[in-house]
Amino acid sequence: MKVLAVTPAPRWLVLFSDIVIVALSCVLTFIFSGDVKGDGLMYTPIVKIAIVLGVYMAFSFVLKSFQYIVRLSVIEDVYRVALLVLFSSVALAVGAFVIEMFSGSRYYSIWNLFVIGVFSFSLMMCVRLVVKYLYTLLNGVNKERKQVIVLGSAINSFVLASALKNEADGRFEPVALLSLSEKKIDTTVNNIPIVKYSHDNIVSIFEKYSCDTLLFLSTQIELMRNGFADVFLDNHIKLLMLNQVEEFDVDDKSMPTLSTHVRDIKIEDLLGREEIHNENPLIEQQLRGQVVLITGAAGSIGSEIVRQVSAFKAKKIVLVDQAETPMHELQLEMEANYPEIDIVLYIGDITNRCRMEHVFREYHPRYVFHAAAYKHVPMMENNPVEAIYTNVYGTKNIADLAMKYDVEKFVMISTDKAVNPTNIMGASKRIAEIYVQSLFFHQKNIKDGKFTRYITTRFGNVLGSNGSVIPRFRSQIEAGGPVTVTHKDITRYFMTIPEACSLVLEAGCMGSGGEIYIFDMGKPIKIYDLASRMISLAGLRLGEDIEIVETGLRPGEKLYEELLNDKELTMATNHKKIMIAKVRVYEYETILRHIDNMLDMLKNNNTHDLVAEMKKIVPEYKSQNSQWQIIDAEVAQLN
């Protein structure tokens with residue numbers, strides 16, 4: 001059957017219909033009550049009706065009672081229309097009481113106001129129900145629907161199930177509501193049975209209704225994150241998620257059905273944590289109207305810092321990166337979303353001292369966020385020269401220039417791999433941390449008055465970053481497998497990119513200089529389990545449809561990452577998710593001498609002595625599964 005494409009009714013039409021209904025209710029009430037004459041112009045029925053319409057219209061805008069999609073909303077409409085009638089009636093009654101106090105004449109009869117309210121509410125709901133069922137009648141019912149069970153028996157779940165059931169051109173047919181209530185339930189709602197959940201009967205419930213899919217609202221995602229999703233995934237039940245009904249924009253003409261907003265749940269949804277909202281007023285006080293420079297601006301972390309700094313109304317943001325195409329894409333995004341922000345694109349390599357000095361001299365940034373770095377462990381393990389050149393010497397360039405040009409705060413992005421490093425990348429980031437921290441205390445000793453505050457932030461993996469494990473697993477699953485993990489027991493910490501960057505800004509705001517901040521990354525996640533869940537989310541069965549293959553640890557790779565979360569090794573801050581690491585502070589002259597030695601070795605491409613020098617600076621750096629273990633063996637023999 002052909003389905004008509006019907007767009008939501010315009011807001012003004014719904015509002016006009018409501019006002020006409022209120023006017024009609026007033027006329028009927030005044031006629032039946034005999035209140036058709038008045039003493040003076042202000043007491044005539046026409047003026048009284050005009051006042052009633054004005055009050056109702058005002059509360060319509062306040063409560064937005066006309067902004068919901070009539071054919072989809074049921075409970076929300078009842079709630080909004082009831083509030084509209086109640087508030088308007090109370091306001092009119094209070095007004096009538098005040099007029100009577102001063103004039104001695106009753107303007108409105110309370111009974112008349114009650115009757116107007118009853119008429120208005122009844123007619124408004126009748127119109128909405130007529131529109132809803134006319135839409136269904138005209139469009140028919142799509143018989144080729146996928147059967148789903150909707151999670152929950154609360155009001156939101158009922159609204160969702162009812163709306164989906166009555167969609168003429170929808171894709172889903174709710175066959176049951178899965179109640180999490182402890183009470184015994186034996187009823188139906190809108191001809192949809194409510195069944196009680198228990199861990200033992202979940203399979204039989206879905207078999208009874210010939211269904212293999214659970215649909216839930218985004219507001220229930222926390223329940224899913226706390227392990228509830230695994231109950232369904234382990235039983236090969238597909239998960240779908242939908243936003244709340246009231247979140248949809250009635251101006252979106254491309255949205256004929258709720259079904260278009262149903263989507264597969266992603267692993268990021270399950271791994272994500274409670275969203276962080278930066279409400280610290282000091283962040284905006286510091287960044288508003290300032291010039292901010294961000295290195296590595298086109299990367300996953302750098303680009304999110306750009307977005308968040310833009311939201312705090314920085315005057316000018318200087319984006320530094322050597323990646324041309326990602327920079328171009330970021331420019332287009334910023335021009336579309338933050339046209340009021342002055343964005344400067346500066347293509348350059350942080351190891352190019354002359355180029356970097358030009359950007360500092362030209363724009364004199366007040367705040368610097370240093371996110372540029374090489375991060376891929378196996379690649380840096382085979383290219384230690386580039387790792388040191390970018391991660392150490394490049395950081396030294398930016399940090400030195402920040403001091404020379406009187407930057408107020410320099411915030412460096414580091415990594416959990418800098419803790420007890422087992423690879424070149426982690427060790428290079430630890431050396432960069434050491435230099436930045438020692439530079440802060442050095443300049444405090446040589447400068448009078450104003451000095452740059454150097455702050456380091458350290459966290460683990462972020463979800464969806466360029467080259468991370470989740471995009472790789474997803475592409476392997478789409479290709480039919482196998483999914484490859486380096487070791488069955490390997491674990492990693494994860495947080496979302498927005499959360500990580502929010503904490504970077506928070507730490508940068510609170511830092512007074514010299515701190516290495518670490519973030520609460522939650523519990524570590526087993527990568528094998530992560531791959532298994534992604535396979536289940538894709539509707540596939542591990543071992544039948546797709547395999548997971550162990551490939552062995554890569555050079556320099558750890559089984560377990562560390563963040564110094566031990567309370568003995570950290571100090572608390574006034575933010576529950578941010579701590580300060582207790583680390584050894586190096587003498588500036590000592591670390592500078594080591595870096596100068598490494599630069600000489602870089603020029604000669606002397607990788608052996610270069611790595612040996614790194615191990616001198618960071619004694620806890622012990623190579624694992626790497627060609628550089630030979631140097632650890634040489635040191636052990638000497639000792």
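The pair D416-R458 does not count as a salt bridge, with every side-chain nitrogen at least 4.0 angstrom from each carboxylate oxygen. Here K577 pairs with E499 in a salt bridge; the nearest charged N to carboxylate O distance falls below 4.0 Å. The residues D269 and R225 are annotated as not salt-bridged, no charged nitrogen and carboxylate oxygen being separated by less than 4.0 angstrom.
One distance of note links OG of S218 with CE of M224; it measures 11.5 Å at 0.5 Å rounding. Note that OG of S88 and CE of M57 are 11.0 Å apart. Values are rounded to the nearest 0.5 Å. Atoms NZ and OG, on K196 and S179 in that order, are 8.0 Å from each other to the nearest 0.5 Å. To the nearest 0.5 Å, atoms CG (L239) and CG (L270) are separated by 7.5 Å. Taken from CG in L233 to CD1 in I535, the straight-line distance is 11.5 Å, to the nearest 0.5 Å. Atom NE2 of H575 and atom OG1 of T573 lie 7.5 Å apart (nearest 0.5 Å).
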### Query
Under the salt bridge (charged side-chain N to carboxylate O under 4.0 Å, His left out) criterion, do D230 and R533 qualify, and how do the steps go?
CA-CA 8 Å; D230 292 330; R533 293 175 90 186; 3.1 Å; yes
### Task
Test F312 against R288 for side chain to side chain contact (heavy atoms under 4.5 Å, CB included), laying out the working first.
CA-CA 6 Å; F312 286 113; R288 178 181 283 272; over 6 Å; no
### Task
Might you work through the side chain to side chain contact (heavy atoms under 4.5 Å, CB included) test for I116 and Y56, ending with a clear yes or no?
CA-CA 11 Å; I116 291 171; Y56 268 83; 4.2 Å; yes
### Task
Decide yes or no on side chain to side chain contact (heavy atoms under 4.5 Å, CB included) for I578 and L503, but give the supporting numbers first.
CA-CA 7 Å; I578 302 177; L503 293 175; 3.9 Å; yes
#### Entry: side chain to side chain contact (heavy atoms under 4.5 Å, CB included) assessment of Q331 paired with M334
CA-CA 5 Å; Q331 177 189 20; M334 297 306 297; 5.9 Å; no
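Contact record, G117 with S89: CA-OG, 4.3 Å, taken as the closest heavy-atom pair. In terms of heavy-atom proximity, I546 sits nearest to I477 at CD1-CA, 3.9 Å. Nearest heavy atoms, L214 versus V150: CD1-C, 4.4 Å. Residue Q286 comes nearest to C509 through the heavy atom pair NE2-O, 3.4 Å, listed as atom of the first residue, atom of the second, then distance. In plain terms, the two heavy atoms of R474 and M534 that are nearest each other are N-CE, 3.8 Å. I341 and S310 make their closest contact through CD1-O, 3.8 Å (heavy atoms, listed as atom of the first residue, atom of the second, distance).
At distances below 3.5 Å, at least one donor-acceptor pair connects side-chain atoms of E550 with backbone N or O atoms of K488. Looking at R492, its side chain does come within 3.5 Å of a backbone N or O of L559 through a donor-acceptor pair. At least one donor-acceptor pair under 3.5 Å links the side chain of N461 to the backbone N or O of Y493. A donor-acceptor contact shorter than 3.5 Å is absent between the side chain of D529 and the backbone of I525. Judged purely by atom type and a 3.5 angstrom limit, S475 uses its side chain to pair as donor or acceptor with the backbone of R472.
Counting non-hydrogen atoms of neighbouring residues, nucleotides and ligands closer than 6.0 angstrom, the NE2 atom of H236 exceeds 12 such neighbours.
In this structure, F228 and Y197 have perpendicular ring planes: the angle between them is above 60°, well past the 30° mark.
Take E478 and apply the salt bridge (Lys or Arg N to Asp or Glu O under 4.0 Å) test, not counting sequence neighbours, and it matches no residue. Taking the side-chain contact (heavy atoms from CB on, under 4.5 Å) definition, one finds that T491 meets it with P524, K526, Y560, sequence neighbours left out. Not a single side-chain contact (heavy atoms from CB on, under 4.5 Å) links A58 to another residue, sequence neighbours left out. A search for side chain to side chain donor-acceptor pair (under 3.5 Å) contacts involving Q476 returns T484, not counting sequence neighbours. Under the side-chain contact (heavy atoms from CB on, under 4.5 Å) criterion, A91 pairs with V55, F59, sequence neighbours left out.
Between I294 and I317, some side-chain heavy-atom pair lies under the 4.5 Å cut-off. Taking the side chain as every heavy atom from C-beta outward, V175 and I192 never approach each other to under 4.5 Å. Side-chain contact between M124 and V22 is present, with heavy atoms from C-beta onward closer than 4.5 Å. No side-chain heavy atom of I149 sits under 4.5 Å from any side-chain heavy atom of L177. Residues K313 and L287 have side chains not in contact (no heavy-atom distance under 4.5 Å, counting atoms from C-beta outward). The closest side-chain heavy-atom distance from L151 to L223 is below 4.5 Å. Counting heavy atoms from C-beta outward, S532 and I548 have side chains that approach closer than 4.5 Å. Inter-residue side-chain proximity for I265 and I221 is flagged as met; some heavy-atom pair is nearer than 4.5 Å.
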Do any side-chain atoms of residues 199-209 form donor-acceptor pairs under 3.5 angstrom with protein atoms, and if so which ones, sequence neighbours left out?
residue: N201; atom: OD1; partner: S198; partner atom: N; Å: 3.1
residue: N201; atom: OD1; partner: S198; partner atom: OG; Å: 2.8
residue: N201; atom: ND2; partner: S198; partner atom: OG; Å: 3.4
residue: S204; atom: OG; partner: N201; partner atom: O; Å: 2.8

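With hydrogens and angles left out, the side-chain atoms of S502 and Q308 include a donor and acceptor closer than 3.5 Å.
K146 forms no cation-pi arrangement with F172, by the criterion of a distance under 6.0 Å to the ring centre and an angle within 45° of the ring axis.
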